[in-house]
Amino acid sequence: MPLPGAFFLQPTLTVARRLLGKILEHRAADGVAAGCIVEVEAYRGPGDQAAHTRDGHRSARNETMFGPGGHAYVYFIYGMHHCINVVTRPRDVPEAVLIRALEPIRGLDLMRARRGPRPMTDWQLCRGPGSLCRALGIDRRDDGRPLTRGTLRILDAPPVPSRLVRRTTRVGVAYAGADAARPWRLLVAGCRAVSGRRVP
DNA sequence: CCAATGATCTTC
DNA sequence: AAGATCATTGGA
């Protein structure tokens with residue numbers, strides 16, 4: 001079952017924590033692919049200097065973050081990658097959770113085809129925010145789509161036990177001053193699909 | 001370490 | 001209108 005809309009209206013760090021273990025599924029024209037969420041980062045609105053909505057900045061790119069929770073905020077970065085966020089909180093509270101890694105569950109052959117000819121183990125297919133969007137066939141056309149229904153959904157699954165959850169600082173936000181030090185990256189310990197900087 | 005590659009944002 | 005930046009990735 002897809003998660004209900006109310007799930008996404010909770011405080012953003014709560015949503016981030018509870019998203020670990022849930023399933024991100026994309027039913028595209030060329031097939032279905034899905035994975036279990038194992039790494040996320042919370043971005044907390046106007047006051048968070050690492051967020052696209054810092055200081056209330058509102059533009060065509062981040063407009064989706066100002067809408068109600070439960071929708072996908074997908075943006076294009078570095079001229080070649082897409083990243084998908086889960087928008088949280090009610091309308092006009094511009095917060096979101098970036099999905100950084102998935103453990104592949106379904107459609108591994110399709111993921112492999114989308115990722116290209118480079119040899120890759122299963123757990124590398126959705127490692128990193130750009131990589132997982134490519135493996136699931138997610139791009140800017142998916143920006144603003146609901147995650148509670150339709151062909152891009154987050155499905156309920158058992159929560160990850162607290163003893164397996166680690167918190168660290170967020171990746172790639174060194175420019176954000178004091179907010180760069182906030183432990184708003186959550187990940188599942190011992191999971192090989194987790195991106196970049198590892199954790200004991 | 002650094003190049004890729006283009007939309008977005010800042011500044012003129 | 002031009003220049004810098006970027007919630008990244010993969011290869012030297």
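Hydrogens, waters and symmetry mates play no part in the numbers below; they use all other heavy atoms, side chains included. Note that the coordinates shown come from a computational prediction; the quantities given were computed from them, not determined experimentally. Convention: sequence-line order gives letters A, B, ...; per-chain numbering from 1.
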Could you label the plane-to-plane angle of the A:H52 and A:Y73 rings as parallel, tilted or perpendicular, counting under 30° as parallel and over 60° as perpendicular?
-> perpendicular
Quick one: which of C:dA7, B:dC9, C:dG10 gets closest to the side chain of A:R115?
-> C:dG10
Nearest nucleotide by nearest heavy atom, which residue falls closer to the 5' end of DNA chain C, A:Y175 or A:M120?
-> A:Y175
Can you check the A:W184 CH2 to C:dA7 P distance for me, whole Å?
-> 16 Å
Considering only atom P, compute the distance from B:dA3 to C:dA4 and round it to an integer number of Å.
-> 15 Å
Can A:F76 be called stacked on B:dA7 when the rule is centres closer than 5.5 Å and an angle between planes below 30°?
-> no
Kindly determine whether A:L152 and A:L147 satisfy side chain to side chain contact (heavy atoms under 4.5 Å, CB included), including the steps that lead there.
-> CA-CA 6 Å; A:L152 180 63; A:L147 293 164; 3.8 Å; yes
Would you mind reading off the distance between A:E95 atom CD and C:dA7 atom P, rounded to a whole angstrom?
-> 17 Å
For A:N62 and B:dC9, what is the distance between atoms CG and P respectively, to the nearest whole Å?
-> 7 Å
Ranking A:R140 and A:M80 by the position along DNA chain B of their nearest nucleotide, the one closer to 5' is A:M80
Check the distance between C:dA7's P and A:R127's CZ and give it to me in whole angstrom.
-> 21 Å
Using the side chain to side chain contact (heavy atoms under 4.5 Å, CB included) rule, pick out the option among A:T53, A:D143, A:N85 that qualifies with A:N62.
-> A:T53
Would you please confirm or rule out a distance under 4.0 Å between OP1 or OP2 of B:dC9 and any side-chain N or O of A:S59?
-> yes
Hey, does the Lys NZ or Arg CZ of A:R58 hover above the aromatic six-ring of A:F66, less than 6.0 Å from the centre and inside 45° of the axis?
-> yes
DNA chain C in dot-bracket, Watson-Crick or G-U pairs under 3.5 Å, [ ] crossing, | other strand?
-> ||||||.||||.
Between A:R115 and A:Q124, do the side chains contain an N or O donor and an N or O acceptor separated by less than 3.5 Å?
-> no
Here the gap from A:D48 atom CG to A:E95 atom CD, rounded to the nearest 0.5 Å, amounts to 8.0 Å
Should A:H52 be listed as having a side-chain N or O under 4.0 Å from OP1 or OP2 of C:dA7?
-> yes
For the pair made of CZ in A:R170 and P in C:dC6, what is the distance, rounded to whole Å?
-> 14 Å
I would like to know whether A:C133 and A:H81 meet side chain to side chain contact (heavy atoms under 4.5 Å, CB included); could you show each step before the answer?
-> CA-CA 8 Å; A:C133 280; A:H81 303 294; over 6 Å; no
Would you mind telling me which of B:dT10, C:dT9, C:dA7 lies closest to the side-chain atoms of A:N85?
-> C:dA7
Polar side-chain contact A:Y78-B:dA7 base: donor and acceptor under 3.5 Å = no
Taking atom P in both C:dT5 and B:dC2, what distance in whole Å separates the two?
-> 16 Å
A:R61 CZ - C:dT5 P separation (whole Å) | 15 Å
Just how far, in rounded Å, is P of C:dA7 from CD of A:Q49?
-> 13 Å
Rounded to the Å, how far apart are A:H81 NE2 and C:dT5 P?
-> 19 Å
Could you tell me whether A:R134 contacts a base, only the sugar-phosphate backbone, or nothing, with contacts defined as non-hydrogen atoms closer than 4.0 Å?
-> nothing
Check ion pair A:R54-A:D179 (N to O, under 4.0 angstrom) | no
With heavy atoms under 4.0 Å as the rule, sort A:R54 into base, sugar-phosphate or nothing.
-> nothing
